[in-house]
Amino acid sequence: MLIDDIDAAIERVRRAATPEEMRRAVKNALDELYSLRTHREGSTKPLNKAYYRRAEVVRAGQVAEGLSLVRGTKAHDALKDVDPCVQLLYPGGNLFPGENTFPGPQLVWLKPEDMVDPLSDSQPRRAFYEDVVAGQPVMETLLEARDFLASDPGPSI
């Protein structure tokens, strides 16, 4: 059920035709990913410490944590401008052509230095955002986080 909700939210991002639709769809996808992340994290100390250990050692887990920072920032300050924007992308060292990546305009996560309202330096997940999310295509990161959370061995769904 949670995975289906995430898939539906990601599909809305893919189909969004206007900047307003994209913004709403991305927010919805981040909320759905966060719901599954919270479930996988568990509510007791041994479970949530185990989740963090799993998340910080694989790229997809780091992406999930970086995205949860953006989602949390928007949830606690709705006017904070950390939304992705459309940029021109070209293949490079960490960007390859694929189903959701292609040369030309794409929705991309802002780099911290491009944000009008920067992310807090005190956020422990900021390094994950900067290292594996910032500057990356939104669809790729949403799918990567989804796959990590769907296969995480935390509490079952």
Side-chain angles (χ1 to χ4, degrees), residues 1-41 51 55 58-121 123-152 154 156-157:
M1 183 162 85
L2 288 172
I3 302 297
D4 292 340
D5 291 345
I6 293 170
D7 290 344
I10 290 173
E11 188 57 33
R12 280 194 288 282
V13 174
R14 189 186 316 272
R15 290 191 325 256
T18 67
E20 293 80 19
E21 285 177 12
M22 267 187 230
R23 183 184 55 75
R24 288 184 194 113
V26 167
K27 181 181 183 312
N28 178 236
L30 290 174
D31 288 344
E32 295 297 340
L33 285 168
Y34 189 78
S35 292
L36 181 53
R37 177 193 171 273
T38 301
H39 178 75
R40 292 295 197 206
E41 178 184 35
Y51 167 80
V58 295
R59 178 186 157 81
Q62 295 169 7
V63 168
E65 288 303 292
L67 292 179
S68 74
L69 172 63
V70 174
R71 183 259 171 209
T73 300
K74 291 298 282 187
H76 298 291
D77 185 351
L79 298 180
K80 198 163 188 87
D81 186 12
V82 295
D83 293 324
C85 66
V86 174
Q87 295 180 359
L88 293 176
L89 291 185
Y90 301 97
N94 64 352
L95 182 64
F96 306 96
E99 179 183 352
N100 298 300
T101 55
F102 44 85
Q106 290 194 41
L107 195 59
V108 174
W109 295 107
L110 292 175
K111 294 180 180 169
E113 61 270 17
D114 296 334
M115 293 179 177
V116 175
D117 299 311
L119 298 169
S120 169
D121 287 332
Q123 292 289 338
R125 294 180 296 248
R126 181 181 171 135
F128 294 141
Y129 180 84
E130 290 177 353
D131 293 345
V132 295
V133 175
Q136 295 300 305
V138 168
M139 285 301 298
E140 289 296 308
T141 55
L142 291 175
L143 290 168
E144 196 169 355
R146 178 248 184 246
D147 291 347
F148 170 77
L149 293 167
S151 64
D152 185 71
S156 62
I157 50 176

Worksheet item: For Arg14 and Glu11, what are the C-alpha separation, side-chain angles and deciding distance, and is it a salt bridge (charged side-chain N to carboxylate O under 4.0 Å, His left out)?
Response: CA-CA 5 Å; Arg14 189 186 316 272; Glu11 188 57 33; 3.1 Å; yes

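- To the nearest 0.5 Å, atom CD1 of residue Ile6 and atom OG of residue Ser35 are 7.5 Å apart.
- With a 4.5 Å cut-off on side-chain heavy atoms, Ile10 and Met139 count as touching.
- Taking CG of Leu2 as the start and CZ of Arg146 as the end, the distance is 11.5 Å to the nearest 0.5 Å.
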Discussion item. Could you walk me through whether Phe128 and Leu69 satisfy the side chain to side chain contact (heavy atoms under 4.5 Å, CB included) test, starting with their C-alpha distance in whole Å, then the side-chain angles of each, then the deciding distance to 0.1 Å, before giving a yes or no?
Written reply: CA-CA 9 Å; Phe128 294 141; Leu69 172 63; over 6 Å; no

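- Ion pair Glu21/Arg24 not flagged as a salt bridge, since none of the NZ, NE, NH1 or NH2 atoms sits closer than 4.0 Å to an Asp/Glu carboxylate oxygen.
- Looking at heavy atoms from C-beta onward, Glu140 lies out of side-chain contact with Glu144 at the 4.5 angstrom threshold.
- In this structure the side chain of Leu30 reaches within 4.5 angstrom of the side chain of Leu142, judged on heavy atoms.
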Worksheet item: Going through the checks in order, is the side chain to side chain contact (heavy atoms under 4.5 Å, CB included) test met by Leu107 and Met22?
Response: CA-CA 9 Å; Leu107 195 59; Met22 267 187 230; 3.7 Å; yes

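- With a 4.5 Å cut-off on side-chain heavy atoms, Leu67 and Tyr34 do not count as touching.
- Across Glu65 and Ala55, no two heavy atoms sit closer than the pair CG-CB, 4.0 Å.
- Nearest approach of Val26 to Val138, heavy atoms of both residues: CG2-CG1, 4.1 Å.
- Counting only heavy atoms from C-beta outward, the side chains of Asp131 and Gln62 never approach each other to under 4.5 Å.
- Taken to the nearest 0.5 Å, the CZ atom of Arg59 stands 9.0 Å off from the OG1 atom of Thr141.
- Rounding to the nearest 0.5 angstrom, the gap separating the CG atom in Asp7 from the CZ atom in Arg12 is 11.0 Å.
- Residues satisfying the side-chain hydrogen bond (donor to acceptor under 3.5 Å, both in side chains) criterion with Glu130, sequence neighbours excluded, are Arg126.
- Across every non-hydrogen atom of Pro112 and Ala134, the tightest pair is CD-CB, 3.9 Å.
- Inter-residue side-chain proximity for Phe148 and Leu33 is flagged as unmet; no heavy-atom pair is nearer than 4.5 Å.
- Residues Tyr51 and Arg37 approach most closely at OH-CG, 3.4 Å, considering heavy atoms.
- Between Arg40 and Leu36, the closest side-chain pair of non-hydrogen atoms falls below 4.5 Å.
- Under the 3.5 Å distance criterion, the side-chain polar atoms of Arg71 are left unmatched by any main-chain donor or acceptor of Asp31.
- Listed here is the closest heavy atom pair of Ala150 and Ile3: CB-CD1, 3.4 Å.
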